[in-house]
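Residue numbers run from 1 in the order of the sequence given. Note: hydrogens, waters and symmetry copies are ignored here, and every other heavy atom, side chains too, is used. Every value quoted in this text rests on a predicted model; they were computed, and no experiment measured them.
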Amino acid sequence: MQVSSKHIAMEREIETWNQAKHTKKRSRKYIKQNIPLYIMLTPALVCFILFKYAPMGGIILAFKDYNFWDGIWGSPWVGFKHFDYLFTNPQGWKIIRNTFMLSLLSFIGFPVPILVALLLNEVRKMWFKKIVQTLLYLPHFLSWVIVGGIFITLFSQDTGMVNDVLEKLGFERFAFLYQPFSWIAIFVSSGIWKEAGFSAIIYLAALTTIDPSLYESTAMDGAGKWRQMWHVSLPGIRPTIILMLILGIGRVMEVGFDHIYVMQNRVVADISEVISTYTFKIGIQGGEFGVPAAMGLFESLVGFTLVLTANQIARKFNQSLW
């Protein structure tokens, strides 16, 4: 009995060793087969390390009194001095408030690409669909300098087309770009106009994975196009919607620098000054790097926390990102 148990244990050990050896051989074979793919991945990986991970070392500036003569490592430590300044200075709280407010308002445009994708998916005339897609995708490839110039020209108080139309209709000219409410409306709508079409590509790709027989079944049951979109299309792309929502929540404290810098002016500075523009003006133009670095670190931590929170909520519905 004792001998047989030892024999069984030895056989199991040999079997485990053979399996490990076989798995190791398969791993080596897999790596050899995919060497070309690894070579293709290398430039992107190097670029990602150099421009994404390496700059993270600059976080240390948030805890130092940086100066050019001593450099990053030689500059004296100041601990949480910059964070104290950030959270005790009314200017700092105003910038954080503006960033958070404009980001949340920009979330109004989140359903627009979904709606665009659902409508484009129902178009059956391919020539018409291609024309509409081209017109919707085109703004994405325009620089924010161009887009900002278009909207500033349209809503200018003196020479703007919108004010020309209002004047012909008997209304007075309105300073759209110098009133907080109208400036925010223009800012949010310009962002939606520029990115909605291109963002719809992801949802259009997700819609192609839905089984066409589901549409046929609902049509046989008497469901129209709107019912099919509500009961088939939307549930079919729900995982993609949740994924994009989680990623979008992670950028809730991030307002694009180009977008807001092109459209802001001194009159509406109280609502248009955000973390990215403040970092540029104080850090790049003013040569003060400590406070902007602390503000950037705070922004990243908030975004990271929001992503984790959103993912935990999505996990309860079996739709988590990881």
Side-chain angles (χ1 to χ4, degrees), residues 42-107 143-145 148 187 191 195 246-266 268-311 321-322:
T42 302
L45 188 61
V46 171
C47 182
F48 200 84
I49 291 172
L50 288 177
F51 296 102
K52 294 294 183 180
Y53 283 102
M56 287 184 183
I59 292 174
I60 198 175
L61 293 177
F63 306 96
K64 286 198 167 193
D65 188 9
Y66 175 76
N67 61 80
F68 288 102
W69 299 109
D70 296 328
I72 295 177
W73 302 111
S75 298
W77 291 92
V78 293
F80 292 95
K81 173 185 174 183
H82 299 309
F83 291 94
D84 290 338
Y85 174 81
L86 177 63
F87 295 117
T88 56
N89 185 11
Q91 175 74 2
W93 277 113
K94 184 174 69 174
I95 291 169
I96 294 171
R97 180 207 66 192
N98 292 344
T99 305
F100 194 72
M101 178 190 68
L102 291 176
S103 295
L104 285 180
L105 289 173
S106 296
F107 248 87
S143 165
W144 268 117
V145 176
F187 174 81
E195 299 297 342
I246 292 173
L247 295 176
I249 288 174
R251 296 190 296 268
V252 77
M253 286 293 290
E254 179 183 332
V255 180
F257 170 77
D258 296 342
H259 185 189
I260 199 161
Y261 187 74
V262 168
M263 301 195 68
Q264 71 177 182
N265 56 73
R266 292 184 179 180
V268 292
D270 285 343
I271 60 164
S272 65
E273 195 70 70
V274 295
I275 290 176
S276 56
T277 56
Y278 180 80
T279 301
F280 172 74
K281 292 174 182 176
I282 302 300
I284 304 299
Q285 294 182 338
E288 174 62 45
F289 297 97
V291 175
M295 190 170 285
L297 179 58
F298 170 75
E299 177 186 10
S300 301
L301 289 174
V302 170
F304 180 69
T305 305
L306 289 173
V307 166
L308 292 179
T309 305
N311 188 72
L321 186 59
W322 66 86

J.: Is the shortest heavy-atom distance from the side chain of I246 to the side chain of V307 under 4.5 Å?
T.: yes
J.: Using a cut-off of 6.0 Å, state whether more than 12 heavy atoms not belonging to F257 lie near its atom CZ.
T.: yes
J.: Starting at NZ of K64, measure out to OG of S75 and round the result to the nearest 0.5 Å.
T.: 6.0 Å
J.: Just wondering, do V291 and I282 contact through their side chains at under 4.5 Å, heavy atoms?
T.: no
J.: Which heavy-atom pair separates K52 from M56 by the least distance, and what is that distance?
T.: O-CG, 3.6 Å
J.: Does a side-chain heavy-atom distance below 4.5 Å link P76 with N67?
T.: yes
J.: Just how far is it from atom NE2 of H259 to atom CG of L102, taken to the nearest 0.5 Å?
T.: 9.5 Å
J.: Find the distance between CD1 (I95) and CG (N89) and round it off to the nearest 0.5 Å.
T.: 8.0 Å
J.: Quick one, L105 and F187 - any side-chain contact, counting heavy atoms below 4.5 Å?
T.: no
J.: So do the side chains of I60 and W77 get within less than 4.5 Å of each other, counting heavy atoms only?
T.: yes
J.: Working to the nearest 0.5 Å, report the span between OG of S300 and CE of M295.
T.: 12.5 Å
J.: Does T277 use its side chain to pair, donor to acceptor, with the backbone of V274 at less than 3.5 Å?
T.: yes
J.: If I compare all heavy atoms of L297 with all of A62, which pair ends up nearest, and what's the gap?
T.: CD2-CB, 4.4 Å
J.: If only atom types and distance count, is the side chain of K94 paired as donor or acceptor with the main-chain N or O of D270 below 3.5 Å?
T.: no
J.: If you take all heavy atoms of Q264 and K281, which pair is closest and at what distance?
T.: OE1-NZ, 3.0 Å
J.: Taking all non-hydrogen atoms of both residues into account, name the closest pair between A294 and H82 and its distance.
T.: CB-CB, 3.9 Å
J.: Okay, side chain of D258, backbone of V145: is any donor-acceptor separation there less than 3.5 Å?
T.: no
J.: Hey, what do you get for NZ (K81) to CG (L86), rounding to the nearest 0.5 Å?
T.: 14.0 Å
J.: On the 0 to 90° scale, with breaks at 30° and 60°, tag the F87-F298 ring pair as parallel, tilted or perpendicular.
T.: perpendicular
J.: On a heavy-atom basis, which atom in G148 and which in V262 lie closest, and how many Å separate them?
T.: CA-CG1, 3.6 Å
J.: Is the count of non-hydrogen atoms from other residues, nucleotides or ligands lying under 6.0 Å from F107 atom CZ greater than 12?
T.: yes
J.: Are there over 12 heavy-atom neighbours, none belonging to F280, within less than 6.0 Å of that residue's CZ?
T.: yes
J.: Please work out whether the ring planes of Y66 and F289 are parallel, tilted or perpendicular, with thresholds of 30° and 60°.
T.: perpendicular
J.: Distance check, rounded to the nearest 0.5 Å: I275 atom CD1 versus N98 atom CG?
T.: 10.0 Å
